[in-house]
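What follows is a single structure, written as structure tokens, with notes after it.
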Amino acid sequence: QVQLVESGGGLVQAGGSLRLSCAASGRTFSSYAMGWFRQAPGKEREFVATIGWSDSSTYYVDSVKGRFTISRDNAKNTLYLQMNSLKPEDTAVYYCAARTVASGNYYYTFISQYDYWGQGTQVTVSS
């Protein structure tokens, strides 16, 4: 089992940047594929980005490609989401999630594929 705690959210103007972190504790962090999801008010939770056990395996939703970068530091048990050129439509609660993987540098894009979730961190982008 793994516990996930997000941080780094806040209020930023459009065009600004934020870096989210997700600290993991419990089992070996590198044995998990990780993902970032977000949920805006009145909307369903949606996929944002995912990463396998290494930075060479990543995937993004089209709306954030070129602006967001997902990365991980397995030595620090931490997942990151660097968000640049933020837009008001990026406003949401951002959640990190973990999926146990037996082997392979795979990533996952569906909510149902993840086993563990953090409590979320609010990101608000003003226009």
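Computed from a prediction, not measured in an experiment: that's the story for all the values here. Computed from heavy atoms alone, side chains included, the values below leave out hydrogens, waters and symmetry copies.
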Taking the side chain as every heavy atom from C-beta outward, state whether [X] and [Y] have any pair of such atoms under 4.5 Å apart.
X: Phe68; Y: Asn84; result: no
X: Glu46; Y: Val61; result: no
X: Tyr106; Y: Arg99; result: no
X: Leu79; Y: Trp36; result: yes

How long is the straight-line distance from [atom2] of [Y] back to [atom1] of [X], given to the nearest 0.5 Å?
X: Leu18; Y: Gln82; atom1: CG; atom2: CD; answer: 8.5 Å
X: Thr78; Y: Met34; atom1: OG1; atom2: CE; answer: 9.5 Å
X: Asp115; Y: Thr100; atom1: CG; atom2: OG1; answer: 4.5 Å
X: Ile70; Y: Cys96; atom1: CD1; atom2: SG; answer: 9.5 Å

Side-chain donor-acceptor contact under 3.5 Å, Ser54 with Ser56: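 Yes, Ser56 and Ser54 have a side-chain donor paired with an acceptor closer than 3.5 Å.
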Distance-only side-chain donor-acceptor flag, Tyr94 / Arg38, under 3.5 Å: yes
Main-chain N/O of [Y] paired to [X] side chain as donor or acceptor, under 3.5 Å:
X: Arg72; Y: Ala33; value: no
X: Ser21; Y: Tyr80; value: no
X: Thr91; Y: Val125; value: yes

Nearest atoms (heavy-atom pairs only) where [X] meets [Y]:
X: Thr109; Y: Gln113; answer: N-OE1, 3.1 Å
X: Phe29; Y: Ala24; answer: CD1-CB, 3.5 Å
X: Tyr32; Y: Gln1; answer: OH-C, 3.8 Å
X: Tyr95; Y: Glu6; answer: CA-OE2, 3.3 Å
X: Ser30; Y: Trp53; answer: O-CB, 3.4 Å
X: Thr121; Y: Gly9; answer: OG1-N, 3.2 Å

Option passing ring pair (Phe, Tyr, Trp, His ring centres under 6.0 Å) with Tyr107 (candidates Tyr114, Tyr60, Tyr59): Tyr59
Atom NZ of Lys43 with >12 non-hydrogen neighbours under 6.0 angstrom: no
Derivation and outcome, side-chain contact (heavy atoms from CB on, under 4.5 Å), residues Met83 and Val12: CA-CA 11 Å; Met83 305 186 295; Val12 64; over 6 Å; no
Test: Lys87 and Asp90 ion pair at under 4.0 Å: no
